[in-house]
There are 2 protein chains.
Amino acid sequence: MSLHEVPTVAPKCGDCPIRHRAVCARCEVDELALLDAIKYYRSFEAGQTVIWAGDRMDFVASVVTGVATLTQTLEDGRTQMVGLLLPSDFMGRPGRTNAPYNVTATTDLLMCCFRKKPFEELLSKTPHIAQRLLEMTLDELDAAREWMLLLGRKTAREKIASLLAIVGRRDASLNLRAPSGRLAFDLALTREAMADYLGLTLETVSRQMSALKRDGVIELEGKRHVIVPDYDLLLDEAGDDSDGGFLV
Amino acid sequence: MSLHEVPTVAPKCGDCPIRHRAVCARCEVDELALLDAIKYYRSFEAGQTVIWAGDRMDFVASVVTGVATLTQTLEDGRTQMVGLLLPSDFMGRPGRTNAPYNVTATTDLLMCCFRKKPFEELLSKTPHIAQRLLEMTLDELDAAREWMLLLGRKTAREKIASLLAIVGRRDASLNLRAPSGRLAFDLALTREAMADYLGLTLETVSRQMSALKRDGVIELEGKRHVIVPDYDLLLDEAGDDSDGGFLV
DNA sequence: CTTACTCCTTGACGTAAATCAAAGACGCGC
DNA sequence: GCGCGTCTTTGATTTACGTCAAGGAGTAAG
């Protein structure tokens with residue numbers, strides 16, 4: 001998602017342990033001071049719903065720690081995850097009053113929230129933050145469209161490999177490393193959540209995870225901790241050369 | 001996509017037959033005059049490529065007439081359409097230099113283009129246009145995510161019905177009508193293009209079109225002209241109650 | 001008119017993934 | 001320890017959709 005890149009100095013926003021991606025790194029000092037004045041924290045337990053589709057939403061927020069999912073459902077209960085919020089990801093829609101999807105915490109979750117009204121005022125006063133927000137939204141749009149390619153055209157195995165590549169890449173970038181060679185990370189998703197993201201059933205996810213393990217593409221410690229012996233090999237399995245550049 | 005709604009007065013931008021969605025209807029007079037100064041037209045024949053993924057892109061544009069598609073492909077040729085541009089739709093990415101997907105004309109196509117540099121200057125001078133653009137991008141994001149639900153969880157029949165509902169709805173709104181009851185429109189897509197949009201094969205599309213016809217949900221005149229005797233029935237087949245509110 | 005092209009339809013068959021079903025693994029409270 | 005919940009794995013079977021293949025319909029050129 002790349003703002004003006006990964007943090008290279010200590011975070012500035014009060015006591016937040018993260019750098020808010022909505023803010024331009026070049027001019028962060030003043031704006032973060034402004035943001036600081038209107039922010040508050042909310043925490044959620046694993047499994048709790050942050051907001052339901054259609055609900056009034058009077059804040060925008062950054063994920064501080066934890067993982068949340070965006071999901072949509074059909075009446076008969078079929079559900080599709082349409083986005084994944086990892087630490088430093090932004091959530092919110094300036095100019096909108098209602099949430100378009102369900103947002104659910106899949107781990108314990110801490111969010112740094114900003115009341116929408118003052119945040120919007122801040123936006124109109126500081127056009128370069130508005131511009132930054134447009135860029136982030138365009139990134140999200142690219143990610144969503146990349147995901148459409150996955151959902152429409154990839155095999156189950158490729159889907160799993162793509163998801164692992166993305167989460168692994170994202171995890172590496174949190175540690176300021178480019179993903180390559182050996183990689184290990186926790187996958188904060190149940191098999192069912194993975195299935196909902198990939199448009200599969202949980203059984204198929206489980207089978208393909210087993211297959212990737214059998215073929216030496218990944219190793220598993222317990223159910224959630226994934227070890228990738230060779231990131232490039234995983235990318236090959238993902239079926240495209242985009243190297244998971246989206247959703248970063 | 002709904003700016004401050006469907007045109008109710010004559011278009012203002014010079015000789016353009018359409019209202020540019022990037023411009024706020026409330027304040028259009030001044031901005032359209034500005035836009036008028038930096039615009040030019042380009043036309044494409046059916047089948048021609050407007051721009052290739054990765055190419056430098058030094059303009060943004062509105063579709064005046066015709067239909068274009070946004071597609072992504074894997075190396076082995078599997079392709080997925082990730083967006084559809086209908087008249088009045090906007091295409092372009094302020095702040096980006098390269099096109100993220102292939103854009104192809106599926107009919108003869110006329111675009112009203114604006115050179116990117118002056119357009120971006122206009123944006124920074126008129127924050128409410130920037131805000132309008134953010135809203136439009138959020139709409140596109142919603143549409144993409146709605147499409148993810150379709151790709152990941154709907155059956156072939158539901159996919160076809162959803163596509164027809166959306167195109168039909170969009171066509172009706174061009175004529176300032178709410179879609180209901182009987183509807184007739186031209187589907188400017190080949191069976192293959194429909195398949196690429198829906199993540200299916202062209203044979204499956206053809207079979208499901210035949211099935212919908214056999215079941216009286218649609219009638220066909222020739223290959224492309226679709227008659228929907230009862231729009232609500234079509235919506236039922238689409239499998240959700242979102243009523244195709246996206247991509248409008 | 002014939003030929004040739006593109007696009008579409010329909011059929012027969014194969015297969016990847018869904019569904020149905022059972023049992024294992026892990027954690028948590030008692 | 002034991003029971004009980006949730007999550008996961010694995011197997012057997014079904015099915016929706018893909019693949020392969022043949023032919024039809026419309027249109028443009030000769």
Side-chain angles (χ1 to χ4, degrees), chain A residues 45-48 69 74 76-80 104 106-108 150-164 186-215 218-226 237 239, chain B residues 45-48 69 74 76-80 104 106-107 150-161 163-164 186-215 218-226 237 239:
Chain A
E45 284 170 27
Q48 237 186 318
T69 62
L74 298 171
D76 61 8
R78 283 176 282 176
T79 101
Q80 174 67 49
T104 313
T106 60
T107 64
D108 287 349
L150 176 147
L151 289 172
R153 293 301 185 198
K154 287 191 181 179
T155 64
R157 174 183 258 245
E158 288 169 334
K159 286 179 176 182
I160 301 278
S162 300
L163 177 61
L164 294 177
D186 280 309
L187 194 53
L189 298 172
T190 64
R191 297 289 183 262
E192 187 179 18
M194 293 173 68
D196 284 343
Y197 207 4
L198 300 170
L200 299 170
T201 60
L202 66 92
E203 292 96 330
T204 299
V205 171
S206 182
R207 271 185 255 274
Q208 295 297 336
M209 289 288 283
S210 299
L212 287 174
K213 182 176 162 190
R214 174 170 35 73
D215 299 345
I218 60 172
E219 296 157 26
L220 290 174
E221 268 176 17
K223 290 160 181 174
R224 304 287 184 82
H225 192 76
V226 180
E237 294 287 347
Chain B
E45 285 170 27
Q48 238 185 317
T69 63
L74 298 170
D76 62 6
R78 283 176 283 176
T79 102
Q80 174 67 48
T104 313
T106 60
T107 63
L150 176 147
L151 290 172
R153 294 300 184 199
K154 288 191 181 179
T155 65
R157 174 182 260 244
E158 288 168 336
K159 287 179 176 182
I160 301 278
L163 177 61
L164 294 177
D186 280 310
L187 193 54
L189 299 172
T190 64
R191 297 290 184 260
E192 187 180 17
M194 293 171 68
D196 284 342
Y197 207 4
L198 301 170
L200 299 170
T201 59
L202 67 92
E203 292 95 331
T204 299
V205 171
S206 183
R207 270 185 256 273
Q208 295 297 336
M209 289 288 284
S210 299
L212 287 174
K213 182 177 162 190
R214 174 171 34 76
D215 298 345
I218 60 171
E219 296 158 25
L220 291 173
E221 267 177 17
K223 290 159 182 176
R224 303 285 185 83
H225 192 75
V226 180
E237 293 287 347

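Just so you know, these numbers come straight off a predicted model, no measurement behind them.
In this structure, the side chain of A:R224 does not engage the main chain of A:A188 through any donor-acceptor pair within 3.5 Å. A donor-acceptor pair is defined here as one N or O able to donate and one able to accept, closer than 3.5 Å; no such pair exists between the side chain of A:D108 and the backbone of A:E45. One N or O on the side chain of B:Q80 and one on the backbone of B:Y197 form a donor-acceptor pair closer than 3.5 Å. The backbone N or O of A:R153 lies less than 3.5 Å from a partner atom in the side chain of B:R78, making a donor-acceptor pair.
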Contacts under 3.5 angstrom, residues 200-209 of chain B side chains, donor-acceptor by atom type, not counting sequence neighbours:
unit_1, atom_1, unit_2, atom_2, d
B:T201, OG1, B:T204, N, 3.3
B:T201, OG1, B:T204, OG1, 3.1

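As a whole-Å value, the separation of A:K213 NZ from C:dA25 P is 11 Å. For B:M194 and D:dC17, the CE to C1' distance is 16 Å, given to the nearest whole Å. At whole-Å resolution of the value, NE2 in A:H225 and C1' in C:dA25 are 19 Å apart. Counting to the nearest Å, the P atom of D:dT9 and the CG atom of A:L212 are 12 Å from each other.
Taking both residues in full, the closest heavy atoms of A:G77 and A:T79 are given as O-CG2, 2.8 Å, listed atom of the first, atom of the second, then distance.
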Exercise for review: If a protein heavy atom is under 4.0 Å from the base, mark B; if only from the sugar-phosphate, S; if neither, -; do that for nucleotides 12-19 of chain C going 5' to 3'.
Suggested key: B----SSB
Enumerate all atom pairs, one protein N or O and one N or O from nucleotides 6-8 of chain C, separated by less than 3.5 Å.
unit_1, atom_1, unit_2, atom_2, d
C:dC8, OP1, B:R224, NE, 3.2
C:dC8, OP2, B:R191, N, 3.0

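Using a 4.5 Å cut-off on side-chain heavy atoms (C-beta onward), B:L164 and B:L212 make contact. In this structure the side chain of B:K154 reaches within 4.5 angstrom of the side chain of A:L74, judged on heavy atoms.
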